[in-house]
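Read the numbers this way: they start at 1 and go in the same order the structure lists the ligands and their atoms.
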Amino acid sequence: MTLVHPRPVRLLHHDASVRPFIVIWEVTRACQLVCTHCRADAIRSRSPFELSTNEGRQLLDDLAAFGTPKPLVVLTGGDPFERPDLPELVAYGAKLGLSIALSPSVTDRLTRDVLIELYDAGAKAISLSLDGASAQTHDSFRGVDGVFDDTIRAARMVRDVGYRLQINTTVTRSTVHELPQILKTVLELGTTLWSLFFLVPTGRGKLLEPLTAAEEEEVLHWLHDVSALVAIKATEAPHYRRIAIQRADVDELDDVFPVGPLRAQLRRDTAALLTGDEPRRRHPRAPIDVNAGRGFAFVDHVGMVYPSGFLPVAVGSVRDERFTEIYRESELLQALRRPDTFGGKCGTCEFRTICGGSRSHAYATSGDPLAEDPSCAYQPVPGSGSGHRVRNTSER
Ligand code: SF4
């Protein structure tokens with residue numbers, strides 16, 4: 001049975017130029033792992049220049065000042081569990097009415113006691129990384145033996161304590177064939193959201209091999225195929241929203257979107273692995289319409305603000321200005337909200353207002369955050385440049 005979501009993309013109810021939907025704060029860059037793809041080029045010990053506890057409280061005050069609906073706040077790293085004041089920051093943010101999620105590394109610091117303490121302080125969601133289907137792949141990705149088994153144990157503990165679990169998976173040429181097996185694990189763990197990150201060549205990620213645009217298109221279609229099993233987020237691949245719209249009203253999918261060799265293999269492996277108990281299907285959760293600087297922003301460990309953690313062009317510092325002012329008034333963030341001015345095909349694409357392309361990929365490959373996104377295989381239809389409209393709006 002195919003379940004078609006009545007709303008292919010969730011639109012924000014509020015104006016994304018006034019208020020972000022989600023803000024990621026890198027509370028520290030310290031981490032005990034040495035992951036191959038690390039965006040942050042993480043270091044072993046904490047920087048003395050990190051935002052202090054009081055500066056962190058000020059930032060959370062600013063985020064709460066956006067009003068309702070308040071932005072979701074993700075505390076990431078490095079490893080946020082390296083900060084001893086993390087429970088205090090979580091409790092402070094939760095008291096302000098912010099929804100706080102955490103993105104820890106799987107190290108000895110991730111214990112049941114700490115998870116319970118942070119849950120009681122107000123955090124309700126945790127994301128963990130699973131980049132391979134086996135210890136061999138995942139451990140080599142993460143640079144530490146045994147971290148795969150530890151991640152599976154940690155994920156079970158996270159669920160036991162009561163958190164919503166998000167699994168983050170980096171998609172590379174060398175691991176893409178493991179996605180069906182990772183999906184199986186994701187389902188077994190009771191994951192709420194599976195976030196697949198389409199590699200941006202930045203930080204240590206420059207050392208890994210990304211998919212071609214054509215391969216990425218096939219993987220995004222496969223993700224849409226399995227989105228009735230678990231909610232999917234395609235990080236740095238906003239054209240997943242374009243695919244969701246394109247597929248919404250199509251009956252003979254394989255005729256309209258021919259299945260290439262990579263997607264065919266992923267389908268075969270998925271069918272073979274998910275035999276036995278039929279996994280629970282539901283209406284797919286539609287992807288949400290946010291993009292770098294448009295509903296989304298990133299604050300690094302010393303308070304610099306960026307459109308995204310993978311777009312290293314700072315637009316201000318929360319040490320000099322309030323976050324609310326930076327978010328609303330930065331020239332770059334404002335430019336990122338005007339897809340009509342984007343370069344190349346993204347500027348004329350009929351999906352530009354709902355997709356806009358990965359600004360991080362554009363910047364990483366051209367040095368211009370407003371250039372076209374080379375990781376998308378779509379060729380816009382000539383003469384359809386007025387912008388695609390999604391008929392059905394929805395809630396957050
Ligand atoms: S061409 Fe650009 S705007 Fe159009 S779907 Fe691709 S990435 Fe999105």
| Atom indices of ligand 1, in the order listed, that fall short of 4.0 Å to a heavy atom of Gly356 |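 Answer, ordered by atom number: 3 (S).
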| Taking only heavy atoms of Lys345, which atoms of ligand 1 are found under 4.0 Å from at least one of them? | 1 (S)
Would you mind checking which non-hydrogen protein atom is closest to [atom], with the distance to 0.1 Å?
atom: atom 4 (Fe) of ligand 1; value: Cys349 SG, 2.4 Å
atom: atom 5 (S) of ligand 1; value: Arg242 NE, 3.4 Å
atom: atom 6 (Fe) of ligand 1; value: Cys376 SG, 2.4 Å
atom: atom 8 (Fe) of ligand 1; value: Cys355 SG, 2.4 Å

| request: Check whether any N, O or S atom of Cys346 sits under 2.8 Å from atom 4 (Fe) of ligand 1. | output: no
| message | Once you measure the plane-to-plane angle for Tyr119 and Tyr163, does it fall in the parallel (<30°), tilted (30-60°) or perpendicular (>60°) bin? | response |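 If you compare the ring of Tyr119 with that of Tyr163, the planes turn out perpendicular.
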| Just wondering, do Leu336 and Leu370 contact through their side chains at under 4.5 Å, heavy atoms? |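 When only atoms from C-beta onward are counted, Leu336 and Leu370 do touch, with a gap below 4.5 Å.
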| Taking atom types as modelled, is there a side-chain donor on Glu236 or Ser375 under 3.5 Å from an acceptor on the other? | no
| said: Do the side chains of Asp225 and Arg247 get close enough for a salt bridge, i.e. N-O under 4.0 angstrom? | reply: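 Between Arg247 and Asp225 there is a salt bridge, with a charged N closer than 4.0 Å to a carboxylate O.
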| field | same_hphob_cluster(Leu183, Val176) at 4.5 Å side-chain heavy-atom cutoff | value |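 Linked, Leu183 and Val176 end up in one cluster.
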| request: Taking the six-membered ring for Trp and the single ring otherwise, decide whether the centroids of Tyr378 and His239 are under 6.0 Å apart. | output: no
